[in-house]
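Hydrogens, waters and symmetry mates are skipped; everything else that's a heavy atom, side chains included, is used. Fair warning: this is a prediction, and the values are worked out from it, not measured in the lab.
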Amino acid sequence: MSKSDFYHQVYALVRRVPHGMVTTYGHIAAALGLRSSARMVGWALNAIPVDQRLEIPAHRVVNRLGELSGKMHFETPHVMRERLEAEGVAFNGDCVDLKRHLWVPDVTSEES
DNA sequence: ACTTTGACTTGCA
DNA sequence: ATGCAAGCCAAAG
């Protein structure tokens, strides 16, 4: 495994997000053991390979407020929201209804 | 090799 | 409730 496997873990995890669901950077980081380093998740998504970019539903990754913080990094700032809406995600103003669509990654090997 | 910034989060004032 | 600062790890300059 390469040292940058952290990126691969992020990609794999985001790819696991069910259709019509969203997750937060904090939860992803926590699932990877970097519970306090949500920035790395964002950085990893920024470094998503072009081939993976189409596979990884980065539009399902939002900040802890359910806000589409990364929308500006997309091809267009609106594509992110439109994609989520197309998947049946309920929006509350500019934020996703985390109460309904917040998905938490399955932590198989959880540690204290 | 050191400094700055980054798709974030939490805490204190 | 709103605003500012610190913490976090990694990559680019």
Query raised in the report: With sequence neighbours excluded, what pairs up with A:H101 under the side chain to side chain donor-acceptor pair (under 3.5 Å) test?
Result: none
Requested in this report: Specify the residue among A:W43 and A:G26 whose closest nucleotide of DNA chain B lies further upstream toward the 5′ end.
Outcome: A:W43
Report summary line: salt bridge (Lys or Arg N to Asp or Glu O under 4.0 Å) pairs touching residues 92-105 of chain A, sequence neighbours excluded, are A:R81-A:D94
Query - 5'-most by nearest nucleotide on DNA chain B - A:G42 or A:R64 - result: A:G42
**Report entry** A:P105 side chain near A:R16 side chain, heavy-atom distance below 4.5 Å
**Finding:** no
**Report entry** Non-hydrogen atoms of A:G70 and A:Y25 that approach each other most closely
**Finding:** N-OH, 4.1 Å
Query raised in the report: Is A:S37 reaching over with its side chain to a backbone N or O of A:M40, donor-acceptor style, under 3.5 angstrom?
Result: no
Query raised in the report: Say you pick atom P in B:dT5 and the same atom in C:dA5; how far apart are they, in whole Å?
Result: 15 Å
Report summary line: Taking Watson-Crick and G-U wobble contacts under 3.5 angstrom, with | marking pairs to another strand and [ ] crossing pairs, the secondary structure of DNA chain B is written .|||||.||||||
Query raised in the report: Of the nucleotides C:dC9, B:dT9, B:dA7, which has the atom closest to the A:N46 side chain?
Result: B:dA7
Requested in this report: Check every atom of C:dA10, B:dA7, B:dT9 against the side chain of A:L45 and return the nucleotide holding the closest atom.
Outcome: B:dA7
Query raised in the report: Between A:L65 (CG) and B:dT9 (P), how many Å, whole number?
Result: 7 Å
Query raised in the report: Got a sec, which residues hit side chain to side chain contact (heavy atoms under 4.5 Å, CB included) with A:P77, two or more places apart in sequence or on another chain?
Result: none
Query - Residues clustered with A:L68, ILVMFWY side-chain links under 4.5 angstrom - result: A:V22, A:V62, A:F74, A:V79, A:M80, A:L84, A:V89, A:F91, A:V96, A:L98, A:L102
Query raised in the report: Looking at A:F6 and A:A44, what are the two nearest heavy atoms and their distance?
Result: CE2-CB, 4.3 Å
Requested in this report: Calculate the interatomic distance between A:Y11 atom OH and B:dA7 atom C1'; express it in whole Å.
Outcome: 12 Å
Query raised in the report: In chain order, what residues pass the side chain to side chain donor-acceptor pair (under 3.5 Å) check against A:T23, with sequence neighbours excluded?
Result: none
Requested in this report: Figure out the CD1/C1' separation between A:I28 and C:dA10, and round it to whole Å.
Outcome: 17 Å
Query raised in the report: Once you round it to whole Å, what is the distance between P of C:dA11 and CZ of A:F6?
Result: 9 Å
Under 3.5 Å, which protein N or O atoms sit close to an N or O of nucleotides 11-13 of chain B? Give each pair with its distance.
none

Query raised in the report: For residues 67-82 of chain A, which residues have at least one heavy atom under 4.0 Å from DNA chain B?
Result: A:S69, A:G70, A:H73, A:F74
Report summary line: Here the gap from A:C95 atom SG to A:R64 atom CZ, rounded to the nearest 0.5 Å, amounts to 11.0 Å
Query - Between C1' of B:dA7 and CD1 of A:I48, the distance in whole Å - result: 9 Å
Report summary line: Winner on side-chain proximity to A:N63, out of C:dC9, C:dA11, B:dT9, is B:dT9
Query raised in the report: At under 4.0 Å between heavy atoms, what does A:A58 touch on the DNA or RNA strands: base, sugar-phosphate, or nothing?
Result: base
Would you tabulate the side-chain donor-acceptor contacts of residues 45-61 of chain A under 3.5 Å, counting partners in other chains and residues two or more places apart, or write 'none'?
unit_1: A:Q52; atom_1: OE1; unit_2: A:R15; atom_2: NH2; d: 2.6
unit_1: A:H59; atom_1: NE2; unit_2: A:E87; atom_2: OE2; d: 3.2
unit_1: A:R60; atom_1: NE; unit_2: A:E87; atom_2: OE1; d: 2.8
unit_1: A:R60; atom_1: NE; unit_2: A:E87; atom_2: OE2; d: 3.4
unit_1: A:R60; atom_1: NH1; unit_2: A:V17; atom_2: O; d: 2.9
unit_1: A:R60; atom_1: NH2; unit_2: A:E87; atom_2: OE1; d: 3.4
unit_1: A:R60; atom_1: NH2; unit_2: A:E87; atom_2: OE2; d: 2.9

Query raised in the report: Between C:dA12 atom P and A:M40 atom CE, what is the distance in whole Å?
Result: 12 Å
